[in-house]
Colleague: 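I'd like to ask some things about the structure below.
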Number of protein chains: 2
Amino acid sequence: MSVRLDQVDRKILSELQEDASQSLDEIAKKVGSSKTPVWNRIRKLRDAGVIGAQTVRLDPEALGFDACFFVLIRTSAHEKEWQDKFLTAVRERPEVQEAHRLAGDIDYILKVRVENARAYDKFYQALISEVRVHNVTALLSMEEIKSTTALPL
Amino acid sequence: MSVRLDQVDRKILSELQEDASQSLDEIAKKVGSSKTPVWNRIRKLRDAGVIGAQTVRLDPEALGFDACFFVLIRTSAHEKEWQDKFLTAVRERPEVQEAHRLAGDIDYILKVRVENARAYDKFYQALISEVRVHNVTALLSMEEIKSTTALPL
DNA sequence: GCTGAAACTAAACACTT
DNA sequence: AAGTGTTTAGTTTCAGC
């Protein structure tokens, strides 16, 4: 499932991740090609799974999501059963925007977006009642300096 | 610039953040309305800045971005001048996908997406040569359990 | 594998109720 | 504030080069 990408493919991806509402004509012009070949490349990239879902970025604060926490989790339970339960829990909870299993002494990191500190506490209480964790540190974001999903192509 | 949103607005936003490639007709049907009113609402939400850029999600691994680090930064320099320099640095570096200023003893957290460990080291060396930091801890992601930008509307 | 055009589909906005 | 209709624009496919 390896995909060979040339410079034109990369330029197309770069344009799409910057602004996916552009028309084929616009993209074609920017990458120095024309409609049909660009369309064929996009279709190929979509089929290969390189291009995923198309989304819009929403303003969290305008929608009342004023609190963002990074949660560092240490666990003493490293069995498969515990892990499956934990994975399911974080995947199901919509306030968890990111979850990564880490190397090193911290086992997991979560990014949690909620309305306020109270809502975070509710989330936290619900989580620890579902799965046992050894140690939890919550880092509260005071300011979002940068936030993008764009890859540095 | 406050925005009052009713349930229909929220449903529209929810649909858009899930799949922005849907046609107006599809969205209208799902939210129990029709084209024109939905279009007017979307336009209003865009003008208000609630709806931001339209993007595509790209598969990091398919594009050779195999390493993801969360970087915890402590600084002893809390002057405005240092901060400006730091903010500029992280905003300019495309490998930094997220940057937050934190409350507590860790001052900043970054999410850094790079090709491999070597590329991270290059980034790290470049960063500390630009701005002085007191203490840096890099957490290496072994597995992306979940990654979304969707807000839990 | 590109160009250009045809056929189709949706977006945008004015006008009507 | 919602529905209808028209204009314009964009997508998708395909024939010809």
Side-chain angles (χ1 to χ4, degrees), chain A residues 1-65 147-151 153, chain B residues 1-64 148-151 153:
Chain A
M1 213 208 117
S2 78
V3 205
R4 271 208 320 284
L5 302 162
D6 63 15
Q7 280 313 108
V8 178
D9 288 321
R10 286 182 180 271
K11 253 179 147 176
I12 291 169
L13 293 174
S14 177
E15 285 301 325
L16 283 177
Q17 77 175 176
E18 210 180 273
D19 178 7
S21 72
Q22 292 176 93
S23 73
L24 274 177
D25 273 329
E26 283 176 298
I27 296 166
K29 210 171 134 190
K30 286 185 187 168
V31 304
S33 181
S34 60
K35 253 159 88 155
T36 310
V38 171
W39 191 82
N40 284 327
R41 280 165 187 269
I42 290 175
R43 191 236 276 263
K44 188 193 69 190
L45 291 164
R46 239 199 296 265
D47 291 348
V50 178
I51 296 175
Q54 202 164 322
T55 54
V56 292
R57 278 199 148 280
L58 302 180
D59 180 354
E61 311 218 332
L63 293 160
F65 293 92
S147 180
T148 180
T149 54
L151 298 171
L153 301 169
Chain B
M1 217 207 111
S2 77
V3 206
R4 272 208 319 284
L5 301 164
D6 63 15
Q7 280 313 106
V8 179
D9 287 321
R10 285 179 181 274
K11 252 181 148 177
I12 291 170
L13 292 174
S14 177
E15 284 301 327
L16 282 177
Q17 77 175 179
E18 211 181 89
D19 179 8
S21 71
Q22 291 175 98
S23 74
L24 277 177
D25 274 328
E26 282 175 299
I27 297 167
K29 209 171 135 191
K30 285 186 187 167
V31 304
S33 181
S34 61
K35 246 160 94 159
T36 310
V38 171
W39 189 81
N40 285 326
R41 280 164 188 269
I42 290 175
R43 192 237 277 263
K44 189 192 72 191
L45 292 164
R46 239 199 298 262
D47 291 348
V50 178
I51 297 175
Q54 203 165 322
T55 53
V56 291
R57 278 199 147 282
L58 301 181
D59 179 353
E61 311 219 332
L63 293 160
T148 179
T149 54
L151 298 171
L153 299 170

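Per chain, numbering begins at 1; letters A, B, ... match sequence-line order.
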Colleague: Test of understanding: with side-chain hydrogen bond (donor to acceptor under 3.5 Å, both in side chains), list the residues that count as partners of Asp19(B), not counting sequence neighbours.
Modeller: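 For Asp19(B), the residues satisfying side-chain hydrogen bond (donor to acceptor under 3.5 Å, both in side chains) (neighbours in sequence not counted) are Ser21(B).
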Colleague: Rounded to whole angstroms, how far apart are CG on Asp9(A) and P on dG1(C)?
Modeller: 11 Å
Colleague: What residues form a salt bridge (Lys or Arg N to Asp or Glu O under 4.0 Å) with Arg57(B), not counting sequence neighbours?
Modeller: none
Colleague: Let me know the distance between CD of Gln54(A) and C1' of dA10(C), rounded to the nearest Å.
Modeller: 14 Å
Colleague: Just jot down the side-chain contact (heavy atoms from CB on, under 4.5 Å) partners of Ala150(A), sequence neighbours excluded, or say none.
Modeller: Gln17(A), Thr148(A)
Colleague: How bent is the helix from dG1(C)-dC17(D) to dT17(C)-dA1(D), measuring the angle between the end axes built from five pairs each, rounded to 10°?
Modeller: 10°
Colleague: Rounded to the nearest 0.5 Å, how far apart are CD1 of Ile12(A) and CD of Gln7(A)?
Modeller: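 So the CD1 of Ile12(A) and the CD of Gln7(A) are separated by 11.5 Å.
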Colleague: Restricting to side-chain hydrogen bond (donor to acceptor under 3.5 Å, both in side chains), what partner residues turn up for Asp47(A), sequence neighbours left out?
Modeller: none
Colleague: Can you list the residues that meet the side-chain hydrogen bond (donor to acceptor under 3.5 Å, both in side chains) rule with Glu18(A), with sequence neighbours excluded?
Modeller: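 Applying side-chain hydrogen bond (donor to acceptor under 3.5 Å, both in side chains) to Glu18(A) gives none.
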Colleague: As a test of understanding, state which of Arg41(A), Arg46(A), Arg4(A) forms a salt bridge (Lys or Arg N to Asp or Glu O under 4.0 Å) with Asp9(A).
Modeller: Arg41(A)
Colleague: For nucleotides 11-17 of chain D, give me one character per nucleotide, 5' to 3': B if any protein heavy atom sits under 4.0 Å from the base, S if the only such contacts are to the sugar-phosphate, - if neither.
Modeller: BBBB---
Colleague: What's the CD1-P distance between Ile27(B) and dA12(C), to the nearest Å?
Modeller: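 That distance rounds to 11 Å.
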Colleague: Scan Pro37(A) against the nucleic acid and name what it touches under 4.0 Å (heavy atoms): base, sugar-phosphate only, or nothing.
Modeller: base
Colleague: Separation of Glu26(A) atom CD from dA11(C) atom C1', in whole Å?
Modeller: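 After rounding, the reported distance stands at 14 Å.
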Colleague: Please table the atom pairs, donor to acceptor, closer than 3.5 Å between any side-chain atom in residues 27-35 of chain B and protein atoms at least two apart or in another chain.
Modeller:
{"unit_1": "Lys30(B)", "atom_1": "NZ", "unit_2": "Glu15(B)", "atom_2": "OE1", "d": "3.4"}
{"unit_1": "Lys30(B)", "atom_1": "NZ", "unit_2": "Gln22(B)", "atom_2": "OE1", "d": "2.6"}

